[in-house]
Student: 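First, the structure itself, so that you have it in front of you.
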Amino acid sequence: MSDRLKTTFCGIEFKNPVITASGTFGYGLEYAKYIDISKLGGISVKGISLKEVQGNPMPRIMETTSGMLNAIGLQNVGVERFITEKLPELRKHDTKIIVNFWGKTIEEYVEVARILDEADVDMLEMNISCPNIKEGGIAFGTDPKMTHEVTYNVKKVLKNKPLMVKLSPNVTNIKVYAQACEQAGADAISAINTLLGMSVNIHNRKPNIYNITGGLSGPAIKPVAIRMVHETFRTVKIPIMGIGGIIDWKDVVEFGLVGASAVQVGTANFIDPEIPLKIISDLDKYMAENNIGNFSELTGTVNLDR
Amino acid sequence: MSDRLKTTFCGIEFKNPVITASGTFGYGLEYAKYIDISKLGGISVKGISLKEVQGNPMPRIMETTSGMLNAIGLQNVGVERFITEKLPELRKHDTKIIVNFWGKTIEEYVEVARILDEADVDMLEMNISCPNIKEGGIAFGTDPKMTHEVTYNVKKVLKNKPLMVKLSPNVTNIKVYAQACEQAGADAISAINTLLGMSVNIHNRKPNIYNITGGLSGPAIKPVAIRMVHETFRTVKIPIMGIGGIIDWKDVVEFGLVGASAVQVGTANFIDPEIPLKIISDLDKYMAENNIGNFSELTGTVNLDR
Amino acid sequence: MKGKVVKNQRLNDKYFFLEIKSEEFVTQAHVGQFLMIKPGSQEYTHDPLLRRPLGVADVHDGKFNLVYMVVGKGTKLLSEFHEGGMIEFSAPLGNSFTLLENKRVALVAGGIGIAPVFWLAKTLKNRGCVVDLYYGGRTVDDVVLLEELKENTDHLIVTTDDGSAGIKGFVTLPFKENVETYDMVYACGPKPMLKTVSEICVNAEVPVEVSLDERMACGLGACLGCIIYLREGDEIVQKRCCVEGPVFDGAKIAWDKLS
Amino acid sequence: MKGKVVKNQRLNDKYFFLEIKSEEFVTQAHVGQFLMIKPGSQEYTHDPLLRRPLGVADVHDGKFNLVYMVVGKGTKLLSEFHEGGMIEFSAPLGNSFTLLENKRVALVAGGIGIAPVFWLAKTLKNRGCVVDLYYGGRTVDDVVLLEELKENTDHLIVTTDDGSAGIKGFVTLPFKENVETYDMVYACGPKPMLKTVSEICVNAEVPVEVSLDERMACGLGACLGCIIYLREGDEIVQKRCCVEGPVFDGAKIAWDKLS
Ligand SMILES: Cc1cc2nc3c(=O)[nH]c(=O)nc-3n(C[C@H](O)[C@H](O)[C@H](O)COP(=O)(O)OP(=O)(O)OC[C@H]3O[C@@H](n4cnc5c(N)ncnc54)[C@H](O)[C@@H]3O)c2cc1C
Ligand SMILES: Cc1cc2nc3c(=O)[nH]c(=O)nc-3n(C[C@H](O)[C@H](O)[C@H](O)COP(=O)(O)OP(=O)(O)OC[C@H]3O[C@@H](n4cnc5c(N)ncnc54)[C@H](O)[C@@H]3O)c2cc1C
Ligand SMILES: Cc1cc2nc3c(=O)[nH]c(=O)nc-3n(C[C@H](O)[C@H](O)[C@H](O)COP(=O)(O)O)c2cc1C
Ligand SMILES: Cc1cc2nc3c(=O)[nH]c(=O)nc-3n(C[C@H](O)[C@H](O)[C@H](O)COP(=O)(O)O)c2cc1C
Ligand code: FES
Ligand code: FES
C-alpha cells in the first residue's frame, strides 16, 4: 500500500483509515487465522469493562432486512485479562489498537481508562452509547449532561492516550452530544453506534432477541450514519471516525465526504473477513485514479452548493 | 374478505386493518387505475396544508440499501382543492379516508383541522414529524411540549372527527411523545414517520437529495419501527397504527404483536401497487388458518416471558 | 404483470437487449411509454428495493423489447436474469409520442436514449414518414442495434465523441444542418443533448418532443419524486415525469430548473 | 473461498443437495465442521446480509457436499443458485467429531441433522467401525439420501413421527433399546432430540458427542452471538458454538440454559 492511505488521527499514524469496529472483530485474534490483520489501519476491540462480563442470555442476534440486531450484552474478559491475555498476542501484529471500553458508573469508566492509559494500546474509544445494557450505560449516551460529565472525568485521568467518544444515534439531536464531548475535552468522536431496534418471531410470538430490543447495524443504517456524521462534522472541530453500514470502498468515500477522517467497518466483517482488506486496496486504487494524495483531502468536501 | 379482518379503530369501522400510508399513495386516485382501492382498509392521503405547496427542488428521492430517502417537501394541492377536486372522486370508492395534514404554525394546524372536521372524511392524521420542511414542522415532533400544545389545540376544535397523531422516530425517547399526545387528548397514534438520513453521490460529491437530508423509509427501518410501536404500546392506552417497512402479511402480524391495532403500508406501494391487496388476502388466510377471529386478538400479544 | 424472459442478451460491454413475452402488456403499450421492472426474480429479497424504469424499445408478436445499460445494482441484477424465467413489471406507463403520418421527421437519440426511439422509428416508418435518425454515443460501444435501425429508418447518421464509429463529434451538429427540412423532431438522451436539440428546433420553428429521465419510485404519479418543470406563459409549472411525461414539448421545458 | 456449483439438486419439497468443487476447502475440512456460505451470487445486494452456516455433508474428489432444508430467504435463495456458477464460502470452521477406529458406534440424526452425520458415517465406516444410524424425521420428506446412507452404515433404522417412512415414532426409542451395545454415540438434530439422546447416553454411561445449531453471524468466534452453556463441575461456562463447537460432549451441556 502506498503513502496516500496513511492517516493521522489524533496524532496517531494509521497505515490507512480503515479500522475494524468494536464488537465485530473480537479481540482481533479471532480474525488473525483468516486474514493478515497487520494490513488493517487499526482494530477497535470488543468493549472492555473493569470486571469480566458474561453478557446476555441467548438468543443474542437476529438478521433483519439488510441489517442485523444484536444484544450481546457487552460480554468481555475484563480489562486485566485483556491486558495480560489478549494484548501481547495482538501486539505481535503491526496495527494500531484502539480499546473500546465502558462502565456502569463514572467511577468505573475512570478506573478502566486509568488502567488502559498505562497499557500498550494506541487509543481509547469510550462507548457511552451501547443500548443493550440496562444499568446506566444507556443514560450516559442519551443525556448530554452525563455525556459531558463522563467525558470530562475520564479525560482528566488520561496522561498518555487520546480519547475518542462513541456517540449513540438514538437521540433527537446528535449535535448537542458532539458538542458536549468536544467541550469536555474529547480528542475525537466516533459515530455511530447501533440504532435501537426489535424484531418478533410471529410463530412463537417471542422477541427474536432475549433482551427484547437490540442494536441495529449493517447497510440498512448507513443513511442515518451518514447524516449524523455530516451533522457532527458541521458542529465540532475534533476529528470523526465514521461508522455504520460500510460494506465497500464507496461507502468509505461517502463517509469521508461528509466529514470522517477515518472509518470503522463493523457488521461487514461477519459477512466476509476479507472485506476490510478489500476496502483498503480498492480505496487505494480509487485514490490513485482520482489523484487524491491522502484520504484527508476528501474529509468534509461534500459539495453543498445548489 | 371475511369479517375477521374488520377493524374498529377510534370507533371507525375499517374493512381490514391495512391502510396505505400518507405520501406513498397520492390522493388514492393515482392507484385507482391499477388496483381496486375499495378493497383497502383505508387510505391516508398525502399530507395536506392550508395552502397549496410546491415542495422541494429536485432531486427528491434516492434508493438506499433496502430503503429509500425522500424529501418531497410536502407538496400538496392545499386543503380547499383537496376537498373540491380530490375528495368527491375518492369518495366514489368504498374505503375509509384518513387525511394526513400539517402546518407551519399551531394556527395553521388548527385551521386545516377545522376545515377537515367539516369535510366528508373519516379521520385526521396529524403529521408533526415530517423531517423535510424547515419551517417549524420539525419542532413540533421533536419537542414534547410542542407536541402537547399542537395536539391540544387541534383537538379542541374538532367536533366530528377522531385525531391521530403521527410520531417522529427521530427522538431519544418516543414514550415521552406518546404520552404528550395521549394527555393532550389524541384519539390514536400512528408511528413511525421516516428516519432522518442522507446520502452522497461520490462522483459529483453532491448530496443525492437537493434538501441534503431526507426521510428514510422501507424494510431497512422496520426493526426501529417495531421497537417504537412496542414502546408506545407499553406507554399509552390509545390505539396505535403501526408503520414502517411493511412489505408482507408477516410484517403486519409482527406490528400487531407489539401493539398495533391497524397498520399502514408505505414504500411498498411504490414497489408494486398490488402489495397492500396481497397483504390483505394473505392476512385473511393466516388468520383463518390460525383461528384468529379478529386482528385485534393479536394486538400487543407478544410473549415477553422468559 | 408477469412475463417470460425470452431473451436477455449482451450487446456489448454495457448494453443488454431483453425480450419478454406478454400479450397483456403488448396490447396496452403505446410508443414512448415505459414500464417499471423488478430487476430480480426473488420476492423475498429487498435490495434493490424499487422497480426500475425502462423505456419500451419495441413491441411485436406478443412480445416486447427493452434495451438497457448496466449502470448500477438494479441493471446489473437484471443483466443476470436467466432466460426462461418469469419477470415482474408494471403496466405500460406514461404518455406517448405524437405519431405523424407521411411526414419528414428527425429522431435524435443519445446513448441509451435509443430505447424508445427504436420503436418510434419503426412506427413512424410504418405510418409512411420519412425517418432520419441521428444517433450519437460516446464511443462505438454506445451505439447499438445499427443493423436493425438501418432497416427502420431512411437515413441513419451515427456519431461518436471519439470517432470510434460514424462521424466524430456531437450528434447535434449534423442534425442542426438539416433541422429545417423536418416537420417534426423527436429526441431522447442525456439532458444537455435534449436541451440543445430543443433549442435548435425552437430556433428553426420545428416542433420537438423529448422523452425525459428522472429517478422514479412509483412510476404512476403518487410519490412526487420525478418532478420536471415547464414554462407555461410566464409561469413555471411542475409536472410528474412519469404521468404527464415522459414525453414533453421540448420548447416548453424549463431546462435550468431540471435536476 | 470460491468454488463452482457442480450440482444443486432438489431432493424433495424441502431438501436440497449441493455439490461444490474446491480443492482448497476439501484439503482443510474435518468431519463435523461447517462453513458459512453466501446464499446468492451477487456482491452488490445485501439482503440476505449474512452468510449461512451449513454442515459439511461429504468430501470427495476435490468436491464437497452440503444438504440443506429451505426454511427462510437465505436457503431459498441458495436453492435458486444456478449450477455452473461460482459460489462464495468461508474456510471449514469449528471443531470436529472424535473419530474412533474399529468400534461399535451409534449415529443419531434428526431431520436436517443428517448433514454432518452423513460424512461421519462414511468416515467411521472407513475406519473399521460398526456404524448403526438411527435417523428420524417428521414425515417421509424429512429422511433423505437413504440409499447412500445404507451403503455407508451397517444398520440404518429410519423413523418418522407419522409413520410415512420406517418405524412410526421418535428416533430415540429404538436407539434407547440398543444404547448399551455402543462404545460411542454421535448425534445431530433438534435440541430436544439431542437432549434426550444425551440423557440416554449418560444413564447408560456411553460417551456422546452432539453437534449443536445456533444462529451465527461470524462463524469464527468474534460476534459472541452463538453462545452455548456447558456444566463444568459446579460451574456453568459459556462456549461459542462456532469455535469451541459445533461438536460438544453431550454429557456436559446445560440444556436448560440453551436458547
Ligand atoms: C422513463 C424512463 C425511461 C428509461 N428508459 C431506460 C431505458 O430504456 N434503458 C436504460 O438503460 N435506462 C433507462 N432509464 C434509466 C434507468 O431507469 C436507470 O439507469 C436505472 O434505473 C438505474 O438503476 P440501477 O439500479 O442500475 O442504478 P442505481 O444503482 O440505482 O444508480 C446508478 C446510477 O444511475 C443513476 N440513475 C438511477 N436511476 C436513474 C434514472 N431513472 N434516470 C437516470 N439515471 C438514474 C443514479 O443516480 C446513479 O448514478 C430510464 C429512466 C426513466 C425515468
Ligand atoms: C453449525 C451449523 C450447521 C448447520 N448445518 C445445516 C445443514 O447442514 N443443513 C441445513 O439445512 N441447515 C443447517 N443449519 C441451519 C441453517 O444454518 C439455517 O437453517 C439457515 O441459516 C437458515 O437461513 P434462512 O435464511 O433460510 O432462514 P432465516 O430467514 O434466517 O430464518 C428462517 C428460520 O430459521 C431459523 N434459523 C435461522 N438460522 C438458524 C440456525 N443457524 N439454526 C437454526 N435455525 C435457524 C430462524 O430462526 C427462522 O425461524 C446449520 C446451522 C448451524 C449453526
Ligand atoms: C455484534 C455486535 C457487537 C457490538 N459490540 C460493540 C461494543 O462492544 N462496543 C461498541 O462501542 N460498539 C459495539 N458494536 C457496534 C459497532 O461497533 C458499530 O458501531 C455498529 O455495528 C455500526 O456499524 P456497522 O453497521 O458497520 O456494523 C457492536 C456491533 C455488533 C453488530
Ligand atoms: C415519498 C414519501 C412521501 C411521504 N410523505 C408523507 C407525508 O406527506 N406525510 C406523512 O405523515 N408521512 C409521509 N411519508 C411517510 C410515510 O407515510 C411512512 O410513515 C414512512 O414512509 C414509513 O413507512 P414505510 O417504510 O412503509 O414507507 C412519506 C413517505 C415517503 C416515502
Ligand atoms: S415516479 Fe412517483 S410520481 Fe413520478
Ligand atoms: S457466530 Fe460469531 S461468535 Fe460464533
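Just so we're on the same page: letters track the sequence lines, and every chain starts at 1.
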Student: Given a strict heavy-atom distance threshold of 4.5 Å, which part of A:T64 is in contact with chain B: side chain, backbone, both, or neither?
Tutor: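 It is the side chain, since no backbone atom gets that close.
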Student: Starting from the C-alpha separation in whole Å, work towards a yes-or-no answer on side chain to side chain contact (heavy atoms under 4.5 Å, CB included) for B:V224 and A:L196.
Tutor: CA-CA 6 Å; B:V224 175; A:L196 202 50; over 6 Å; no
Student: From B:T213 OG1 over to A:I226 CD1, what is the distance, rounded to the nearest 0.5 angstrom?
Tutor: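 CD1 of A:I226 is found 13.0 Å from OG1 of B:T213.
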Student: Does the side chain of A:P57 come within less than 4.5 Å of B:R306's, by heavy atoms?
Tutor: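 Not in contact.
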Student: Just wondering, do B:V200 and A:F255 contact through their side chains at under 4.5 Å, heavy atoms?
Tutor: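 No. Closest side-chain heavy atoms not under 4.5 Å.
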Student: Counting only non-hydrogen atoms closer than 4.5 Å, does B:I212 touch chain A with its backbone (N, CA, C, O), its side chain (CB onward), both, or neither?
Tutor: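 Looking at B:I212, backbone and side chain both touch chain A.
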Student: If you count heavy-atom pairs under 4.5 Å between each of A:I221, A:L216, A:N303, A:V229 and chain B, which one has the most?
Tutor: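 That would be A:N303.
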Student: Which atom names give the shortest non-hydrogen contact between A:E254 and B:M198, and what distance separates them?
Tutor: OE2-O, 4.3 Å
Student: What part of B:I202 gets within 4.5 angstrom of chain A, counting heavy atoms only: side chain, backbone, both, or neither?
Tutor: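 B:I202 touches chain A through backbone and side-chain heavy atoms alike.
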Student: Please say which of A:D143, A:N170, A:T142, A:T172 ends up in a side-chain hydrogen bond (donor to acceptor under 3.5 Å, both in side chains) with B:T172.
Tutor: A:T172
Student: Among B:P219, B:A225, B:G218, B:P169, which residue has the highest count of heavy-atom pairs closer than 4.5 Å to chain A?
Tutor: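 Highest number of pairs under 4.5 Å: B:P219.
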Student: Between A:N290 and chain B, which part of the residue has a heavy atom less than 4.5 Å away: side chain, backbone, both or neither?
Tutor: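 For A:N290, neither part sits under 4.5 Å from chain B.
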Student: Side chain to side chain contact (heavy atoms under 4.5 Å, CB included) for B:K222 and A:T65? Distances and angles first, verdict last.
Tutor: CA-CA 8 Å; B:K222 195 185 73 172; A:T65 307; 5.8 Å; no
Student: Is chain B contacted by the side chain of A:Y210, its backbone, both, or neither, given a heavy-atom distance below 4.5 Å?
Tutor: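 Answer is both: backbone and side chain atoms of A:Y210 are under 4.5 Å from chain B.
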Student: Looking at A:L298, A:V253, A:V302, which one forms a side-chain contact (heavy atoms from CB on, under 4.5 Å) with B:R205?
Tutor: A:L298
Student: Pick whichever of A:K206, A:M62, A:R227 has the most heavy-atom pairs under 4.5 Å with chain B.
Tutor: A:R227
Student: Top residue by heavy-atom pair count (under 4.5 Å) with chain A, among B:A220, B:G197, B:P223, B:G67?
Tutor: B:P223
